[in-house]
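Note sheet for the following structure.
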Amino acid sequence: MVKINDNYSKLPGSYLFSTIGKKVREYSGLHPDKKIIRLGIGDVTLPLAPAIIDSLHSAVDEMGKAETFKGYAPDLGYEFLREAIAENDYRLRGCQIAADEIFVSDGAKCDSGNIQEIFSTDSCIAVCDPVYPVYVDSNVMAGRTGDYDSDMGTWSDVIYMPCTADNGFLPALPKETPDLIYLCFPNNPTGAAVTKARLQEWVDYALKVGAVILYDAAYEAYITQDDVPHSIYECQGARGCAIELRSFSKNAGFTGLRLGFTVVPKELECGGALLHSLWARRHGTKYNGAPYIVQRAGEAVYSEAGKAQLAEQIAYYRKNADYIYNGLKEAGYTVSGGVNSPYVWLKTPEGMTSWAFFDHLLERANVVGTPGSGFGPSGEGYFRLTAFGSYENTVEAVDRIKAL
Ligand code: MLT
């Protein structure tokens, strides 16, 4: 008899944002007259910048002519895009990353879910708590996490690094020694940012214990403070212990277009095996490359016009983050994040659970956010609002919350 991968049966409930989507659809089905403002999933709302649209149009035209038509993309990404990334995201920031260390993909979500495949199933993972659910769920699917404790909301074989108000939402080095350490800064969901000095401690630690850091820098475009690094490769020695995941979703609005990349330094090795070769092998076998037109759109992100237009978009979302942060603070909420991040993390009022507050906001203010407990047990009693809505909706949502 055919057997399924039983690890899937261990997963509790559905994916966090699917659960939220279902609840919101049910509510809006019952109350079609209500104007619901969605500040839950971190999905952008501004249209693609003109430089990106122009690039898409001309790439589409190329696809319509025999002389410029493109078939399969190179599986690791077109050279023009890898070179633009290496130059703009790394060399201009003083990081020594070469174009052939960049693996272009259709997004950081896929890469952060897939990267665990190149490591042994008995690798021990350490994650921040709360955490972007993809890191844990993908390891559950791979059978790496042990048993689920439904009371605690934790897995027996995962090292949790609590990020709470007491530690400024920054994890301490774990007591047990992990093999793989997932870090995301600026953080999803708390919006906390790490200084370069603090991140250097993680790099030093990983080098000392022989761990690999999987560093998710999807939100780096929102950094406003000088001592906060945009890449882990700003830290000394990071080439020897870190893989970095990046997205075009949050800095350039590609949530629907899909584009991301992973950086694997060539010298990074585990037990004598080069991780660059393993990830290249995996990419080559399971992936046919991001579409040509989307990679051309990605290239436009780094053009002069693209950079200027995207700086305006980021400023727009930052203004929303300020409005949420300051508005809720004035209203007496305890808030954090929002400064180097599009996410504002707030403490739920009057000891409400995260899901009770979700229902309260949905039903009383018709505002959707994300319950902190959906990201892990230390997220209980917290709630995340995203700055990716329109300014008008953001103002209206905050005003509605204030009026509760
Ligand atoms: C989030 O809301 O946490 C993100 O948008 C999810 C994602 O980027 O996949």
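Note: hydrogens, waters and symmetry copies are ignored here, and every other heavy atom, side chains too, is used. Count residues from 1 along the sequence. It should be emphasised that the depicted structure is a prediction, and the values quoted were computed from it without experimental measurement.
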Parallel, tilted or perpendicular for [X] and [Y], by the 30°/60° rule?
| X | Y | answer |
| --- | --- | --- |
| W279 | H283 | tilted |
| F358 | F383 | tilted |
| Y382 | W345 | parallel |
| F248 | F254 | tilted |
| F388 | Y317 | perpendicular |

Are any of the side-chain heavy atoms of [X] and [Y] separated by less than 4.5 Å?
| X | Y | value |
| --- | --- | --- |
| D129 | M161 | no |
| I401 | L385 | yes |
| L274 | L278 | no |
| E234 | H230 | yes |
| Y148 | T154 | no |

Counting N and O atoms only, with roles assigned by atom type, does the side chain of [X] sit under 3.5 Å from a partner on the main chain of [Y], one being a donor and the other an acceptor?
| X | Y | result |
| --- | --- | --- |
| E83 | A99 | no |
| S123 | F119 | no |
| S247 | A218 | no |
| Q295 | A290 | yes |
| T370 | G40 | yes |
| D137 | V134 | no |
| N187 | C184 | yes |
| Y160 | W155 | yes |
| N288 | A73 | no |
| R91 | A98 | no |

Original post:
Taking it one step at a time, do H57 and V60 satisfy side-chain contact (heavy atoms from CB on, under 4.5 Å)?
Top reply: CA-CA 5 Å; H57 280 305; V60 168; 5.7 Å; no
Salt bridge (Lys or Arg N to Asp or Glu O under 4.0 Å) partners for [X], two or more places apart:
| X | result |
| --- | --- |
| R239 | E101, E267 |
| K175 | none |
| K10 | none |

Original post:
Checking ring pair (Phe, Tyr, Trp, His ring centres under 6.0 Å) for the pair F375/Y132: CA distance, chi angles, key distance, verdict?
Top reply: CA-CA 6 Å; F375 297 101; Y132 179 44; 8.1 Å; no
Original post:
Is the cationic atom of R384 (NZ for Lys, CZ for Arg) positioned less than 6.0 Å from the six-membered ring centroid of Y343 and within 45 degrees of its normal?
Top reply: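 Judged by the rule (NZ or CZ under 6.0 Å from the ring centre, within 45° of its axis), R384 counts as positioned above Y343.
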Original post:
Quick one: does NZ or CZ of K250 land under 6.0 Å from the six-membered ring centre of Y219, within 45 degrees of the ring axis?
Top reply: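 The answer is no, since K250 fails at least one limit relative to Y219.
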Original post:
Closest heavy-atom contact between V294 and L259?
Top reply: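 V294 and L259 have their closest heavy atoms at O-CD2, 3.7 Å.
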**OP:** Heavy atoms only: give me the nearest G146-D157 pair and the separation to one decimal.
**Re:**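 In terms of heavy atoms, the two residues are closest at CA-OD2, 3.5 Å.
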State plainly whether the residues [X] and [Y] are in salt-bridge range, i.e. N to O under 4.0 Å.
| X | Y | result |
| --- | --- | --- |
| R38 | D43 | no |
| R364 | D359 | no |
| E299 | R296 | yes |
| R246 | D89 | yes |

Distance alone, cut at 3.5 Å: any donor-acceptor contact between the side chains of [X] and [Y]?
| X | Y | result |
| --- | --- | --- |
| T19 | S14 | yes |
| E244 | S231 | yes |
| R281 | S277 | no |

Subject >> Residue pairs, two or more places apart or on separate chains, that pass salt bridge (charged side-chain N to carboxylate O under 4.0 Å, His left out) and touch residues 189-208 >> reply: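 Passing the test, one end in residues 189-208: no pairs.
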Subject >> Residue pairs fulfilling salt bridge (charged side-chain N to carboxylate O under 4.0 Å, His left out) with at least one residue in residues 310-330, sequence neighbours excluded >> reply: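 For residues 310-330, and leaving out neighbouring residues, the salt bridge (charged side-chain N to carboxylate O under 4.0 Å, His left out) pairs sorted by first residue read E330-K402.
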Original post:
Which distance, rounded to the nearest 0.5 Å, do you find between the CG of L11 and the OH of Y15?
Top reply: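 Taking CG in L11 and OH in Y15, the distance rounds to 12.0 Å.
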Original post:
If you round to the nearest 0.5 Å, how far is SG of C124 from CG of N139?
Top reply: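 That separation rounds to 10.0 Å.
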Original post:
Can you name the side chain to side chain contact (heavy atoms under 4.5 Å, CB included) partners of N5, sequence neighbours left out?
Top reply: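 Scan of N5 (side chain to side chain contact (heavy atoms under 4.5 Å, CB included), adjacent residues dropped) gives N7, Y8.
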